[in-house]
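Along the sequence shown, the residues carry numbers beginning at 1. Both backbone and side-chain heavy atoms feed into the values below; hydrogens, waters and symmetry mates do not. Since the structure is predicted, the reported quantities are computational estimates derived from the model, not experimental observations.
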Amino acid sequence: MLNNTPSPRPIPLRPRGDNRFRTALRGGGVAGFLVIVAVLAATWFFGPRIGALLVVVWALVAKVPWRDLGFRRPKSWPLLIVAGIVAGVASKLLMKAVVMPLLHAPDINPAFQWLVGNTNALPGVIAMVIFSAGLGEELIARGFLFERLGKLYGESRNALIATILITSTLFGAAHYPEQHWMGVQQAFILALVDGVIFAATRQLWFLIVMHAAFDLVACFIIYFGWERAIAHVFF
């Protein structure tokens, strides 16, 4: 008997060039390295919002799984949010009251004195802290750079240590134009802590909440004029 069942249509193959292009963008070769340069340049000249946007475009074009950038569903959202807020608040108070005084940093941050008592500016600063600093900076400095440097150097212990040091140095340097050496020191230390946490957990959401809480506390300390008092709690 003749089989009259129609044969299934062949699944169209994607053009080889498209596959090679995406593979190159995801890989650790020249194209992958140029992606790093482009994101860092965009972040340096135009800020973390543009840099983070470029990361999102790269991830969509290259079809990089969001999980590889650290966007993993936590076991409990409420627990993650509460833990992130507590960690962010505690780390900022510890930084302001203990770490920075030990480093002989100035009591006040001169770059943000325009925020003292400036109620009109506060809502915009809060939005910037949450989306640009918390989300944007963590996506670039931890999610993106850890994924990219992992492709370049691998995932060995020494490679992870190098990645933590490289990302922390870049993160600290990015704060120099606005906050000078005091900002570099604080950002470098925070980045070291965040880098170790991310290397151990690969969970970006926690760091986003923690970073946003850290910066929000910093903003309110400046807004209410509490910098000098907190800096001299112990010293």
Side-chain angles (χ1 to χ4, degrees), residues 14-75 80 83-84 87 91 133-176 184-211 214:
R14 292 177 181 174
R16 290 184 179 180
D18 184 49
N19 287 336
R20 287 199 297 268
F21 177 66
R22 285 174 173 162
T23 300
L25 288 179
R26 290 194 302 266
V30 175
F33 178 76
L34 290 177
V35 170
I36 298 177
V37 173
V39 169
L40 293 180
T43 303
W44 181 269
F45 290 108
F46 304 108
R49 285 173 292 183
I50 302 302
L53 178 61
L54 193 56
V55 170
V56 171
V57 172
W58 162 77
L60 291 174
V61 172
K63 293 192 173 181
V64 176
W66 295 112
R67 181 182 179 86
D68 290 358
L69 298 178
F71 289 108
R72 305 184 179 198
R73 185 186 298 273
K75 294 181 180 179
L80 180 144
S91 58
L135 179 58
E137 291 181 2
E138 288 302 323
L139 173 58
I140 297 167
R142 254 62 64 182
F144 171 74
L145 285 179
F146 268 72
E147 194 278 341
R148 289 289 78 208
L149 294 178
K151 287 291 191 301
L152 291 174
Y153 302 120
E155 298 290 343
S156 67
R157 182 178 179 181
N158 289 337
L160 279 176
I161 292 173
T163 296
I164 292 170
L165 292 175
I166 291 171
T167 55
S168 299
T169 301
L170 291 172
F171 190 76
H175 289 73
Y176 180 80
V184 171
Q185 292 172 333
Q186 182 171 247
F188 179 78
I189 295 170
L190 177 65
L192 283 177
V193 174
D194 285 4
V196 171
I197 293 174
F198 189 72
T201 66
R202 297 293 171 166
Q203 172 56 264
L204 195 64
W205 287 117
F206 173 80
L207 294 178
I208 290 171
V209 175
M210 177 181 169
H211 192 149
F214 182 100

Do you know the tightest heavy-atom contact between [X] and [Y]?
X    : Y    : answer
L165 : T169 : O-OG1, 2.8 Å
F214 : S91  : CD1-OG, 3.3 Å
L170 : L40  : CD1-CD1, 4.1 Å
V193 : M210 : CG1-CE, 4.3 Å

Query raised in the report: Taking everything shown except R49 itself, do over 12 heavy atoms lie less than 6.0 Å from its CZ?
Result: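 For R49, atom CZ is not crowded (no more than 12 foreign heavy atoms under 6.0 Å).
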Query raised in the report: Would a 4.5 Å heavy-atom cut-off, applied to side chains only, mark Q203 and L80 as touching?
Result: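 SC-SC contact between Q203 and L80 confirmed.
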If I take atom [atom1] from residue [X] and atom [atom2] from residue [Y], how far apart are they, to the nearest 0.5 angstrom?
X    : Y    : atom1 : atom2 : value
E155 : L149 : CD    : CG    : 9.5 Å
T163 : F146 : OG1   : CZ    : 6.0 Å
Y153 : L160 : OH    : CG    : 13.0 Å
L54  : I140 : CG    : CD1   : 8.5 Å
F188 : T167 : CZ    : OG1   : 9.0 Å
R67  : R202 : CZ    : CZ    : 11.5 Å

Query raised in the report: Is the NZ or CZ atom of R142 both under 6.0 Å from the centre of the six-membered ring of F171 and within 45° of that ring's axis?
Result: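 Yes - R142 lies over the ring of F171, closer than 6.0 Å to its centre and within 45° of its axis.
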